[in-house]
There are 4 protein chains.
Amino acid sequence: MSKKRAPARAAPRQARAQATVSAILDATVLVLDREGLDAATTTRIAEVAGVSIGSLYQYFAHRDAILTALQEREFERATAMMQDVLAAGNLARSPRETVTAVVRGLAGLYATAPGLHRVLAIEGLRVAAAERVHAFDTRVIEIIELFLRASDAPLRRKNTQAAAFVAFQAVRATMLATLLERPPGLAEDDIVEEIVDLVLRYLVDGAPEP
Amino acid sequence: MSKKRAPARAAPRQARAQATVSAILDATVLVLDREGLDAATTTRIAEVAGVSIGSLYQYFAHRDAILTALQEREFERATAMMQDVLAAGNLARSPRETVTAVVRGLAGLYATAPGLHRVLAIEGLRVAAAERVHAFDTRVIEIIELFLRASDAPLRRKNTQAAAFVAFQAVRATMLATLLERPPGLAEDDIVEEIVDLVLRYLVDGAPEP
Amino acid sequence: MSKKRAPARAAPRQARAQATVSAILDATVLVLDREGLDAATTTRIAEVAGVSIGSLYQYFAHRDAILTALQEREFERATAMMQDVLAAGNLARSPRETVTAVVRGLAGLYATAPGLHRVLAIEGLRVAAAERVHAFDTRVIEIIELFLRASDAPLRRKNTQAAAFVAFQAVRATMLATLLERPPGLAEDDIVEEIVDLVLRYLVDGAPEP
Amino acid sequence: MSKKRAPARAAPRQARAQATVSAILDATVLVLDREGLDAATTTRIAEVAGVSIGSLYQYFAHRDAILTALQEREFERATAMMQDVLAAGNLARSPRETVTAVVRGLAGLYATAPGLHRVLAIEGLRVAAAERVHAFDTRVIEIIELFLRASDAPLRRKNTQAAAFVAFQAVRATMLATLLERPPGLAEDDIVEEIVDLVLRYLVDGAPEP
DNA sequence: GATGAATGAGAATTCATTCAT
DNA sequence: CATGAATGAATTCTCATTCAT
């Protein structure tokens with residue numbers, strides 16, 4: 001489905017190479033977050049990374065490969081965070097504690113570079129993003145679903161998959177919108193609480209008031 | 001405030017001109033929805049519209065002007081729908097009826113061209129979109145807030161502004177994600193129900209189960 | 001030699017037509033003088049003339065025809081002025097009087113629209129201007145030469161053609177430069193005097209100091 | 001002050017780059033001289049330079065930057081020539097020798113590419129040329145004025161600034177007109193002599209006949 | 001005749017990508 | 001491996017000119 005199937009650039013084995021790749025990805029984050037997608041030209045990225053374009057193409061077959069790698073990295077982080085918070089070991093926590101941890105975790109990920117996540121989010125990336133985003137969503141939803149099933153909280157929903165989907169999308173979008181639009185007269189902490197409440201009431205029966 | 005302030009292209013007086021403008025906007029919708037933002041070059045739009053680029057530039061000072069016009073048009077539609085549904089005359093309806101109407105209304109707007117709305121939504125448009133999107137959000141939230149205050153439903157939230165913001169973002173994003181990702185094993189009607197439930201439980205105390 | 005040989009638009013016989021042609025030429029002068037050659041698009045000219053482009057093309061086969069007509073008109077005026085001042089009837093005047101009259105005459109022509117004359121002068125107009133400018137120059141030089149020969153002032157030059165050429169170019173350029181650059185600390189009258197002196201000393205023997 | 005302030009294209013460090021820049025400038029001279037300003041499109045320049053447009057834009061932010069660079073280069077040359085000829089060391093020369101040197105110097109500069117200088121001169125270049133041309137004129141006039149004051153020739157004019165202005169404009173324009181129009185029956189050398197005489201009689205008292 | 005909507009060739013400029021050094 | 005000069009396809013936009021109404 002992806003338009004460009006690159007001839008798989010040599011995975012960097014040496015430390016210096018690894019550093020270069022990181023520099024490029026970090027530079028891309030910086031540029032995307034501060035200057036937007038349009039400004040993220042290969043030249044600009046290379047410049048911010050302190051690397052020549054030649055070198056950039058040593059490690060990435062084409063521009064999209066950089067964006068893809070970045071997306072992958074962020075998805076990885078998000079998945080890891082979710083997995084961590086929703087691990088079996090945490091089943092003992094109260095639902096509120098758990099949901100709060102997830103929302104705060106997501107907020108943490110987004111807060112570093114909200115502009116980046118605007119771009120990475122479902123609506124932004126163009127090339128073959130659909131599949132990748134879908135895969136990520138599926139995975140995250142799975143994690144949530146598993147947790148929901150394992151939990152012994154009094155769930156309101158029968159269709160846990162749908163519930164996981166709805167809950168995740170609602171949290172993701174509201175969190176991002178908050179970071180990008182800062183609704184007036186609302187501290188971030190307040191919003192976190194609102195979102196937690198939104199999800200809790202939706203998922204759990206008789207969720208205690210905060 | 002916007003970067004490009006066009007020398008105000010001639011407002012079309014003749015019928016033919018009006019038709020051309022419509023053709024261009026409609027073509028843009030088509031292209032954006034099916035081929036994405038990147039494919040929406042002026043040439044492609046003109047081609048799909050069955051119009052010469054010259055004509056395109058007769059009515060739109062530059063590419064962004066087309067996108068802006070489109071955004072304005074869609075925002076207008078959305079606002080109108082919300083205003084309609086949340087009008088004072090509808091205070092008598094049950095909360096569930098009202099929320100359902102809103103969600104269905106939004107679904108209706110998005111369903112025609114989900115790809116378009118992906119682009120038009122907060123994360124997509126680049127040029128000076130921020131202000132415009134923000135203005136739209138503010139307006140919608142105001143409408144919601146007004147309704148919440150006027151309603152005599154047993155509201156759970158004290159901060160109605162925050163509530164309006166969270167509710168709207170949650171509905172918008174989840175609806176859009178649904179249309180774009182066609183979540184597994186869920187008909188659109190099911191999703192509508194889920195979203196309605198999400199919002200209802202969040203906003204209203206003791207909302208009766210469906 | 002000219003690239004475009006137009007199918008000779010119908011010479012306007014009616015008064016209204018003549019007025020339209022004038023309006024177009026005058027508008028062109030205005031635009032050229034104030035906004036420069038680049039701004040002198042057919043649309044802009046028509047707009048300033050208060051005429052539709054369609055009408056513009058009714059009277060001028062193409063854009064260049066307008067500029068050519070204008071050039072012709074200005075050349076005509078300049079030639080007429082020279083012819084007038086250097087007519088046989090004026091042989092009685094003192095050389096200083098005559099030269100002053102010429103310089104003032106030129107100043108008068110240029111002063112109305114210096115920007116226009118920058119464009120019309122030798123260096124400006126592009127299309128087939130060379131021949132036309134050359135013809136004009138030749139004609140003017142002829143007029144000057146004839147006068148010089150008829151005059152009984154004590155001429156210093158043997159080669160009257162060369163003298164006429166040099167004198168004319170010097171006056172023309174200095175006058176134009178003056179109007180365009182507003183040289184520091186020099187009123188227009190001072191410059192006229194300087195130029196008169198320049199030419200007089202060059203052409204006439206023992207020309208009396210001012 | 002100029003409308004376009006370019007993001008300072010990379011100054012060429014490597015030898016090849018320097019060669020490319022030169023090729024572009026030289027090609028521009030060629031095109032301007034032979035085909036005129038309108039023909040000097042970026043594509044044509046690149047083509048004549050034997051370089052891709054991409055390369056052209058690697059070194060010049062936009063078309064005007066090329067023309068500006070060229071103008072600067074020619075102005076530099078002209079100023080250097082004047083400064084050279086009118087240097088303090090040359091005060092011993094006779095006025096006729098000095099003026100002849102200046103006129104011949106200018107003739108030398110113009111002769112290589114008269115068409116180019118038609119464009120570069122006051123009337124031709126559009127973008128922000130005014131200031132630049134003015135600055136050049138000012139500088140040249142200063143050089144002349146300084147020389148006039150230092151010289152012990154019997155000057156006729158009190159206002160040396162005005163004299164410098166008039167003398168320079170007269171020489172410049174007449175020289176250029178000569179090269180562009182080749183008045184019939186006149187060798188370039190004759191014209192030089194005429195111009196020298198024009199200026200000498202204007203500036204110096206009792207200038208000896210040739 | 002007048003109007004102005006439509007046309008499209010052509011110009012400027014960008015940017016991903018390659019490749020000689 | 002690194003560098004950065006060179007490339008050129010693709011894109012936006014302008015403007016002279018035509019022609020149906």
Side-chain angles (χ1 to χ4, degrees), chain A residues 4 10 12 14 16-17 20 38-47 51-66, chain B residues 6 10 12-21 38 40-46 50-65, chain C residues 4 10 12 14 16-17 20 38-47 51-66, chain D residues 4 6 10 12-21 38-46 50-64 66:
Chain A
K4 301 181 181 184
Q14 305 178 11
R16 182 140 78 106
T20 303
D38 276 6
T41 66
T42 51
T43 317
R44 180 87 183 107
I45 291 173
E47 179 186 312
V51 156
S52 72
I53 343 157
S55 291
L56 187 153
Y57 275 91
Q58 192 79 36
Y59 297 110
F60 295 93
H62 44 254
R63 181 174 175 274
D64 283 341
I66 306 175
Chain B
R13 279 171 226 163
Q14 303 188 5
R16 184 143 68 118
Q18 198 42 257
T20 303
V21 168
D38 276 8
T41 66
T42 51
T43 319
R44 180 86 183 109
I45 291 172
V51 152
S52 71
I53 350 142
S55 288
L56 188 152
Y57 278 95
Q58 188 105 41
Y59 300 108
F60 297 93
H62 42 253
R63 183 176 175 273
D64 284 340
Chain C
K4 302 184 180 182
Q14 307 179 7
R16 183 139 77 105
T20 304
D38 277 7
T41 65
T42 50
T43 317
R44 179 87 182 106
I45 291 172
E47 177 187 315
V51 155
S52 72
I53 344 157
S55 292
L56 188 152
Y57 275 91
Q58 191 80 35
Y59 297 109
F60 295 93
H62 44 253
R63 182 175 177 273
D64 282 340
I66 306 176
Chain D
K4 302 184 179 182
R13 280 175 223 160
Q14 302 188 5
R16 184 144 68 117
Q18 197 42 258
T20 301
V21 168
D38 275 9
T41 65
T42 52
T43 320
R44 179 86 183 108
I45 291 172
V51 152
S52 72
I53 350 143
S55 288
L56 189 152
Y57 278 93
Q58 188 104 42
Y59 300 109
F60 295 94
H62 42 255
R63 183 176 173 271
D64 283 340
I66 307 177

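What you see is a predicted model, and the numbers here were worked out from it, not measured in a lab. Here is the naming used below: chain letters follow the sequence lines, and residue numbers restart at 1 for every chain.
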| said: List the residues meeting side-chain hydrogen bond (donor to acceptor under 3.5 Å, both in side chains) with B:Ser55, not counting sequence neighbours, and say none if there are none. | reply: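 Scan of B:Ser55 (side-chain hydrogen bond (donor to acceptor under 3.5 Å, both in side chains), adjacent residues dropped) gives B:Ser52.
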
Would one find a side-chain N or O of [X] under 4.0 angstrom from OP1 or OP2 of [N]?
X	N	value
B:Tyr59	E:dG4	no
B:Tyr57	F:dC13	yes
B:Thr42	F:dC13	no

Quick one: [X] [atom1] to [N] [atom2], roughly how many Å, whole number?
X	N	atom1	atom2	answer
B:Asp64	F:dT11	CG	C1'	13 Å
D:Asp38	F:dT14	CG	C1'	14 Å
D:Ile45	E:dG10	CD1	P	18 Å
D:Phe60	E:dA11	CZ	P	20 Å
A:Glu47	F:dA5	CD	C1'	16 Å

| side chain to side chain contact (heavy atoms under 4.5 Å, CB included) involving A:Thr41 - partner list, sequence neighbours excluded |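 Scan of A:Thr41 (side chain to side chain contact (heavy atoms under 4.5 Å, CB included), adjacent residues dropped) gives A:Thr43, A:Arg44.
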
| Taking only residues two or more places apart in sequence or in another chain, which ones pass side chain to side chain contact (heavy atoms under 4.5 Å, CB included) with D:Ile66? |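 Here the qualifying residues are D:Ile24, D:Leu25, D:Thr28, D:Ile45, D:Leu56, D:Phe60.
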
Between protein and nucleic acid, restricted to nucleotides 7-10 of chain F and to nitrogen or oxygen atoms under 3.5 Å apart, what atom pairs and distances do you find?
from	atom 1	to	atom 2	distance (Å)
F:dT7	OP2	D:Ser52	N	3.0
F:dT7	OP2	D:Ser52	OG	3.2
F:dT7	OP2	D:Ser55	OG	3.2
F:dG8	N7	D:Gly54	N	3.3

| In Å and rounded to the nearest 0.5 Å, what is the OH to OG1 distance from C:Tyr59 to C:Thr20? |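 The OG1 atom of C:Thr20 is 4.5 Å from OH of C:Tyr59, to the nearest 0.5 Å.
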
| query | Of all heavy-atom pairs between A:Ala65 and A:Ala61, which one has the smallest distance, and what is that distance? | reply |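 Heavy atoms only, the tightest pair is CB-N, 4.1 Å.
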
| message | Both C:Thr43 and D:Thr20 contact DNA chain F. Which one's nearest nucleotide lies toward the 5' end? | response |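 Looking at the nearest nucleotide for each, D:Thr20 comes out on the 5' side.
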
| Residue met sooner reading DNA chain F from 5', once C:Ala40 and B:Ala40 are mapped to nucleotides |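 Checking each residue's closest nucleotide, the 5'-ward one belongs to B:Ala40.
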
| What stems, by residue range, does DNA chain F take part in, given at least 3 consecutive Watson-Crick or G-U pairs under 3.5 Å? |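 Stems for DNA chain F, defined as runs of 3 or more consecutive pairs: E:2-21 with F:2-21.
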
